[in-house]
Amino acid sequence: MATALADAFLTADSWAVDDLTAAGYAVVGVDRAYVGRAVGAALDTYPRPPVDAPRQLARVLAAAPRLAALHRSREARRPVRVLARPVTAVRARPATESPLLVDTLPELARALDVTVGRLLWLADTRAWNRHAPAGSPLHHVRHEWVVRPGRVPRLLEKPMDLLRRTQRTVLDGLLVRLPVHDAAHGFVAGRSVVTGAAVHTGQHVVLSADLTTFFASVTAPTVYGVFRSAGYAEPLAHVLTGLCTHRVPPHVLTAMPAGGSPEERAALREALAVAHLPQGAPSSPALANTALRHLDARLAGWAGATGARYTRYADDLTFSGDHRLAARPDAFLRGVERIVTEQGYRLNPRKSRVRRRGSRQSVTGVVVNERPSPGRREVDRLHAVLHNCVVHGPASQDRAGHPDLRAHLLGRIGWVEQVHPGRARRLREEFARIRW
């Protein structure tokens, strides 16, 4: 009933008592008390028509005390019935120049190059596919557990072809245009682990912390807020949220391999069972960066209060500063944990580190004591592997069973090249001597 009245009010000629009353009469008949209280609740809450928020208006009407009491009193004697359901296009509020920022569901489906039915099937906002049996063609995501000795396992949620292509379109057409905090260096064009690490070069102390279950901690309500802030009306934000989030089916959760404490396993299972950003979807990193803007702003402010610096690369939080931070690092990290908890996330207590000057200070694998460096130990180990490939053949060094050892070694060389091109040049010369 509240939904029908909300839709009717949004079709009214004006946001005034007479026009709203006429629209209400068209839905429930000439019931002066019932429609009058609904109109009063709408006007008391909204000075202007909430054209992009029909579901929110319906919740306001359903929760209005006087209207709800009248509705309950009439249920037994003379129930109020919906006589008609007017339909109107919901207009979005443009907030960014994007080809995907459209007004209606058919327009969104065309922009994503799918039919409306297929878009709703992919979004699965009612979570019907979650209860489909294992191996069902209704599933859009493949699941792969990654065993980590001594630690809780990690679940990779890999979207199938159509869902992946649709998520990629959302990423390229909208998400890359949304603003992120300056502290975010992961999955942002023009930034990298090197740019994030360079911020902390030559500091008295470097503190690091780690967010637990990073992607799974970003839930559907947060993602919905991102799309609403981007300018989408409620129905479209609801569909896009379903498209970019995922609920893990029960048969996948029960197949979780061994690893981690019972508390950690229970927390992971609980996080994966509700709609969250899937680790493996192309849209998840950009959505996570946008969703964490408020957390980044609070942590940057907390760091700035002591003259410290703050960066985040995905789930890795790094702070550095002078003698003021070095004097009370534990108290500072307790403040970080308080802020993270208030924002709805959790820190992994086993991954918090304090690295003072004189010890090896590293940020996301980059040594930052004097200048950004890949670390001598890692470079020497890689050089030894390349040398052994030259002398004994590549097969002798493939102890981990990489499907493409050549690409794996080139990737490791490329990582060194980002940080220190001079050392990478010598590694490439050694790589060129390998006979494949």
Side-chain angles (χ1 to χ4, degrees), residues 2-3 6-7 9-11 15 42 45-63 87-112 116 119-120 122-127 166-167 169-181 184 187 215-247 274-278 281-298 342-345:
T3 301
D7 291 342
F9 290 166
L10 292 177
T11 65
W15 196 251
T45 307
Y46 298 99
R48 292 177 298 277
V51 292
D52 64 335
R55 295 168 67 235
Q56 185 183 79
L57 175 58
R59 288 195 295 270
V60 167
L61 297 180
V87 177
T88 184
V90 179
R91 302 293 297 180
R93 297 174 181 172
T96 181
E97 294 296 328
S98 167
L100 294 184
L101 192 61
V102 294
D103 299 330
T104 65
L105 189 61
E107 290 175 325
L108 178 62
R110 284 194 295 271
L112 295 175
V116 171
L119 176 58
L120 294 176
L122 291 174
D124 190 26
T125 55
R126 299 291 183 89
T166 308
Q167 291 171 339
T169 303
V170 174
L171 171 65
D172 295 338
L174 173 72
L175 300 180
V176 295
R177 304 166 187 261
L178 300 182
V180 298
H181 196 274
F187 319 111
F215 287 114
S217 296
V218 183
T219 57
T222 303
V223 176
Y224 174 81
V226 170
F227 286 119
R228 289 286 284 135
S229 299
Y232 284 97
E234 283 183 331
L236 300 189
H238 189 57
V239 170
L240 285 168
T241 299
L243 193 69
C244 296
T245 59
H246 178 59
R247 299 174 177 89
V274 300
H276 61 278
L277 290 182
S283 53
S284 292
L287 275 170
N289 276 340
T290 305
L292 265 64
R293 284 185 68 195
H294 192 215
L295 173 64
D296 288 335
R298 291 192 63 184
E342 289 175 354
Q343 291 295 126
Y345 304 98

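Atoms considered below: every heavy atom in the structure, side chains included; atoms not considered: hydrogens, waters and symmetry mates. Remember, predicted model here, so these are calculated numbers, not experimental data.
- Taking both residues in full, the closest heavy atoms of L61 and A42 are given as CD2-N, 4.1 Å, listed atom of the first, atom of the second, then distance.
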Fill in: Full working for side chain to side chain contact (heavy atoms under 4.5 Å, CB included) between L108 and D103
CA-CA 8 Å; L108 178 62; D103 299 330; over 6 Å; no
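- For the residue pair L10 and P54, the shortest heavy atom distance occurs at CD1-CB, 3.7 Å.
- Of the inter-residue distances, the one linking L120 atom CG with L105 atom CG reads 5.5 Å to the nearest 0.5 angstrom.
- For the residue pair T222 and A291, the shortest heavy atom distance occurs at CG2-CB, 3.5 Å.
- With contacts defined as side-chain heavy-atom distances shorter than 4.5 Å, the pair E342/R298 qualifies.
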Discussion item. Apply side chain to side chain contact (heavy atoms under 4.5 Å, CB included) to residues V218 and Y345 and explain how you reach the verdict.
Written reply: CA-CA 8 Å; V218 183; Y345 304 98; 4.2 Å; yes
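- Summarising the geometry of S284 relative to P278, their closest heavy-atom pair is OG-O, 2.6 Å, with the distance given to 0.1 Å.
- The nearest pair of heavy atoms linking A127 to R247 is CB-NH1, 3.4 Å.
- At least one donor-acceptor pair under 3.5 Å links the side chain of S229 to the backbone N or O of G225.
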Fill in: Intermediate values then yes/no, side chain to side chain contact (heavy atoms under 4.5 Å, CB included), H238 and R55
CA-CA 10 Å; H238 189 57; R55 295 168 67 235; 4.0 Å; yes
Worksheet entry | Verdict with supporting geometry, T219 and V223, side chain to side chain contact (heavy atoms under 4.5 Å, CB included) | CA-CA 6 Å; T219 57; V223 176; over 6 Å; no
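- To the nearest 0.5 angstrom, E107 atom CD is 12.0 Å from L112 atom CG.
- Here CG of L175 is found 10.5 Å from CG of N289. Values are rounded to the nearest 0.5 Å.
- Of all heavy-atom pairs spanning P99 and G173, the tightest one is CD-O, 3.7 Å.
- A donor-acceptor pair is defined here as one N or O able to donate and one able to accept, closer than 3.5 Å; no such pair exists between the side chain of W15 and the backbone of P50.
- Here Q167 contributes atom CD and L240 contributes atom CG; the two are 11.0 Å apart, rounded to the nearest 0.5 Å.
- A distance of 5.5 Å separates CD in Q343 from CG in L295, rounded to the nearest 0.5 Å.
- H246 NE2 to D124 CG: the interatomic distance, rounded to the nearest 0.5 Å, is 9.5 Å.
- Below 30°, between 30° and 60°, or above 60°: for Y232 and F227 the angle between ring planes is above 60°, a perpendicular geometry.
- Counting only heavy atoms from C-beta outward, the side chains of F187 and V180 never approach each other to under 4.5 Å.
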